[in-house]
Amino acid sequence: MCLKHWATVEYRQNRPPEEPSVRPILAVPLFLSLLTAAATPACAQDALDHLYPNGARRGATVTVALGGAGIPDGAEVMVDGEGISPRGRVAKSAVELAVAPDAAPGRRWLRVVGPKAATPPRPFVVGVIPERLETEPNDRAAQAEAVTELPVVLNGRVPSRGDLDVYRVNLKAGQCLVVAGEARALGSPINLLCRIRDSKLRELMIQMDSRTRDTLLGFTAPADGEYFVELQDVMNNYSTVNADYVYRVTLTTGPWMESVYPPGVERGTASEVLVSGWNLDGAQGPSQSAERVNPAADSGPDFELRPPGIDQSSRLKVGLYPEVVENERGRESAGIPMALAVPGTANGRFAVRRDVDEFAIEVSDTRPLLVQVEARSLTSSADPVLEILDESGAVLQRVDDVGAARRGGGRDPRTRWSPPKAGRYRIRLSDLASVSRGGPDFFYRLTVAPPQPVLELTTPQVTIPLKAAMAVQVPVTVLRGEGVGKIRVRMVGLPAEVSCPEVEVAGAAGAPASQTVNLSATVVPGTKPGRWPVRIEALAEGGLSDHATATWVLSKDRSGTLAEGSTEQLLLVLPAP
């Protein structure tokens with residue numbers, strides 16, 4: 001793997017009012033590696049460390065720098081998803097991308113395909129508001145870039161130690177400026193620190209990590225005047241900084257969503273959710289607004305909330321069962337758990353330090369139940385611990401993290417539980433670090449229901465390198481729930497030059513819930529070098545189907561994964577000899 005970067009654990013200190021310059025911030029370096037997919041060799045001609053800029057407004061055409069080792073001229077650029085078209089091939093480590101005016105906002109995956117190999121994908125964001133690139137030098141207040149029109153997305157980078165990016169905005173008294181960063185979420189190693197200063201260069205606000213691990217703040221101007229927004233890497237006096245320290249930062253005085261509660265709603269049922277953020281419903285500063293949502297009866301597992309007038313969206317979970325929202329109102333102080341129907345889902349949060357939430361369930365038999373909590377998989381700050389208790393208060397099961405899992409949730413608790421007898425039980429939820437924290441960001445979803453038929457596929461290979469003289473084995477892990485019978489696994493979208501027989505996974509009683517099988521891909525002799533996008537599909541008796549998802553780490557440090565990539569579009573590559 002390419003071992004290149006440094007991440008940080010950081011401590012903040014204020015600076016006296018003076019001309020902004022780069023000052024040390026006490027920090028402890030942590031080693032950070034940029035991982036690539038298992039199927040692609042690292043540190044070779046297939047390294048794509050970053051893009052700059054990391055996104056563009058729909059309708060725009062931009063030249064994107066491709067950062068990496070040995071990206072060859074003439075290589076082809078591929079973008080997963082619709083709405084982005086490369087104009088030509090790679091030249092001088094750059095490519096021109098045209099974003100369609102009607103392109104759906106959100107993330108795409110871009111990779112470079114050369115004669116020898118293909119890179120792992122990197123994220124590219126399609127936005128809806130104006131964007132611009134930073135202009136150096138802008139390291140001091142006297143050199144600050146003027147931002148005269150809001151909202152705007154600033155695309156910048158911190159390519160060297162000591163670099164500081166300063167932007168100048170004019171605000172009216174009471175006007176609230178939102179600064180929303182994207183860096184770690186895009187796999188950038190930068191730990192973005194933001195300072196707000198007034199015209200006399202007095203520090204008024206400082207902010208680093210939010211629950212998404214990127215900077216997010218709302219600053220309300222105390223008076224009419226000129227204000228400076230400083231952006232830097234928190235370790236910019238210590239770390240080995242490279243050109244891949246890129247960021248996207250939105251500046252706006254318009255509405256901005258920070259969170260939505262509850263984090264999920266019931267399918268086919270109208271519900272009301274509370275949006276929290278800044279400048280909502282015509283107000284300035286921290287505010288909230290109520291929004292009505294009504295996912296269709298045949299809705300998928302997610303619902304995209306995009307309130308009118310807000311240049312953002314938020315994804316809500318969509319549940320199959322009746323939902324309730326935790327309502328304390330003295331219950332906890334009285335030791336009264338909240339009733340939860342089975343099957344059912346409860347939405348709650350650890351509002352204060354040492355908060356413990358309890359739910360009462362009643363079961364009529366001893367058939368198994370799936371008890372699971374979603375929190376980290378929903379970008380919650382909570383790290384829940386799940387306990388199941390009998391009527392006397394004895395703990396029957398205690399579950400913390402369940403390890404790596406597809407589609408998030410590896411740090412969330414989940415258990416298959418068989419009640420010892422019919423009757424009443426309690427489910428207790430607490431946060432692992434509740435002694436020191438709590439608040440609106442510590443939300444969760446608890447679901448108690450019979451195990452359902454589930455079919456999930458995963459593969460470690462986002463790029464599959466073919467070999468002209470032999471078959472290549474492509475491992476696929478099949479996860480099945482109760483009642484799933486025989487499964488057929490196959491590769492779809494194959495070109496005529498490649499064959500890959502389907503594999504059958506037996507569905508006999510007692511078959512393991514998780515099995516790994518190998519698909520065998522073979523190239524027709526004499527095939528010219530090329531690349532072909534494909535998917536891996538599973539079909540089960542009873543009508544269940546799924547496509548394999550490949551997940552890879554964009555960046556991580558000792559505290560865990562900072563950002564992941566996930567796609568169903570795999571790439572077969574037959575390299576030149």
Inset, instruction - Assess whether side-chain contact (heavy atoms from CB on, under 4.5 Å) is satisfied between Val484 and Leu544, documenting all intermediate values. - result: CA-CA 8 Å; Val484 179; Leu544 281 178; 3.8 Å; yes

[X]: which residues meet the side chain to side chain contact (heavy atoms under 4.5 Å, CB included) condition with it, sequence neighbours left out?
| X | result |
| --- | --- |
| Pro151 | Ile129, Thr252, Asp311 |
| Thr63 | Ala94, Glu96 |
| Gln452 | Tyr321, Pro450 |
| Ala56 | Val62, Val99, Phe124 |

Any donor-acceptor N/O pair, [X] side chain to [Y] backbone, under 3.5 Å:
| X | Y | result |
| --- | --- | --- |
| Lys116 | Pro577 | yes |
| Ser188 | Tyr245 | no |
| Ser377 | Glu374 | no |
| Arg89 | Gly74 | yes |
| Arg531 | Val573 | no |
| Asn155 | Leu133 | no |
| Asp214 | Ala185 | yes |
| Asn191 | Val234 | no |
| Asp546 | Glu537 | no |
| Arg58 | Ala103 | yes |

Charged N-O contact under 4.0 Å between [X] and [Y]:
| X | Y | answer |
| --- | --- | --- |
| Arg488 | Glu504 | no |
| Glu456 | Arg480 | no |
| Arg306 | Glu304 | yes |

Assess the side chains of [X] and [Y]: does a donor N or O sit below 3.5 Å from an acceptor N or O?
| X | Y | value |
| --- | --- | --- |
| Thr549 | Ser566 | no |
| Ser520 | Gln473 | yes |
| Gln372 | Arg445 | no |
| Gln143 | Asp139 | no |
| Asp165 | Gln232 | no |
| Asp80 | Gln569 | yes |

Quick check: closest heavy atoms across [X] and [Y], and the distance to 0.1 Å?
| X | Y | result |
| --- | --- | --- |
| Met491 | Ile464 | CE-CD1, 4.4 Å |
| Gln461 | Pro475 | OE1-CD, 2.9 Å |
| Pro120 | Leu48 | O-CD2, 4.2 Å |
| Ala375 | Tyr444 | CB-CB, 4.2 Å |
| Pro72 | Pro115 | CG-CD, 4.0 Å |
| Ser93 | Asp73 | N-OD1, 4.0 Å |

Inset, instruction - Could you please spell out the steps behind the salt bridge (Lys or Arg N to Asp or Glu O under 4.0 Å) verdict for Arg122 and Asp49? - result: CA-CA 8 Å; Arg122 301 295 301 183; Asp49 294 337; over 6 Å; no

Do [X] and [Y] come close enough that some side-chain heavy atom pair is under 4.5 Å?
| X | Y | value |
| --- | --- | --- |
| Trp552 | Pro121 | yes |
| Cys500 | Leu494 | yes |
| Thr215 | Tyr247 | no |
| Ile536 | Leu457 | yes |
| Asp302 | Leu316 | no |
| Thr250 | Val152 | no |
| Val249 | Val153 | no |
| Glu497 | Trp532 | yes |

Rounded at 0.5 Å granularity, tell me how far [atom1] in [X] sits from [atom2] in [Y].
| X | Y | atom1 | atom2 | value |
| --- | --- | --- | --- | --- |
| Arg107 | Leu186 | CZ | CG | 5.5 Å |
| Trp256 | Leu251 | CH2 | CG | 10.0 Å |
| Met257 | Leu305 | CE | CG | 5.5 Å |
| Thr567 | Arg111 | OG1 | CZ | 6.0 Å |
| Leu455 | Ile487 | CG | CD1 | 5.0 Å |
| Arg376 | Ser381 | CZ | OG | 7.5 Å |

Inset, instruction - Decide side-chain contact (heavy atoms from CB on, under 4.5 Å) for Val77 and Leu110; before the verdict, give the C-alpha distance in whole Å, the side-chain angles of both, and the deciding distance to 0.1 Å. - result: CA-CA 7 Å; Val77 169; Leu110 182 151; 3.7 Å; yes

Inset, instruction - Could you walk me through whether Leu97 and Thr61 pass side-chain contact (heavy atoms from CB on, under 4.5 Å), step by step? - result: CA-CA 6 Å; Leu97 299 179; Thr61 297; over 6 Å; no

Inset, instruction - Applying salt bridge (Lys or Arg N to Asp or Glu O under 4.0 Å), name anything that partners Arg57, two or more places apart in sequence or on another chain. - result: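 Arg57 satisfies salt bridge (Lys or Arg N to Asp or Glu O under 4.0 Å) with no other residue.
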
Legend entry - Partner set under salt bridge (Lys or Arg N to Asp or Glu O under 4.0 Å) for Glu82, not counting sequence neighbours: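 Once residues adjacent in sequence are excluded, Glu82 has no partner under the salt bridge (Lys or Arg N to Asp or Glu O under 4.0 Å) criterion.
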
Inset, instruction - Check the pair Tyr167, Leu154 against side-chain contact (heavy atoms from CB on, under 4.5 Å), reporting the backbone distance first and the verdict last. - result: CA-CA 10 Å; Tyr167 302 90; Leu154 306 172; 3.7 Å; yes

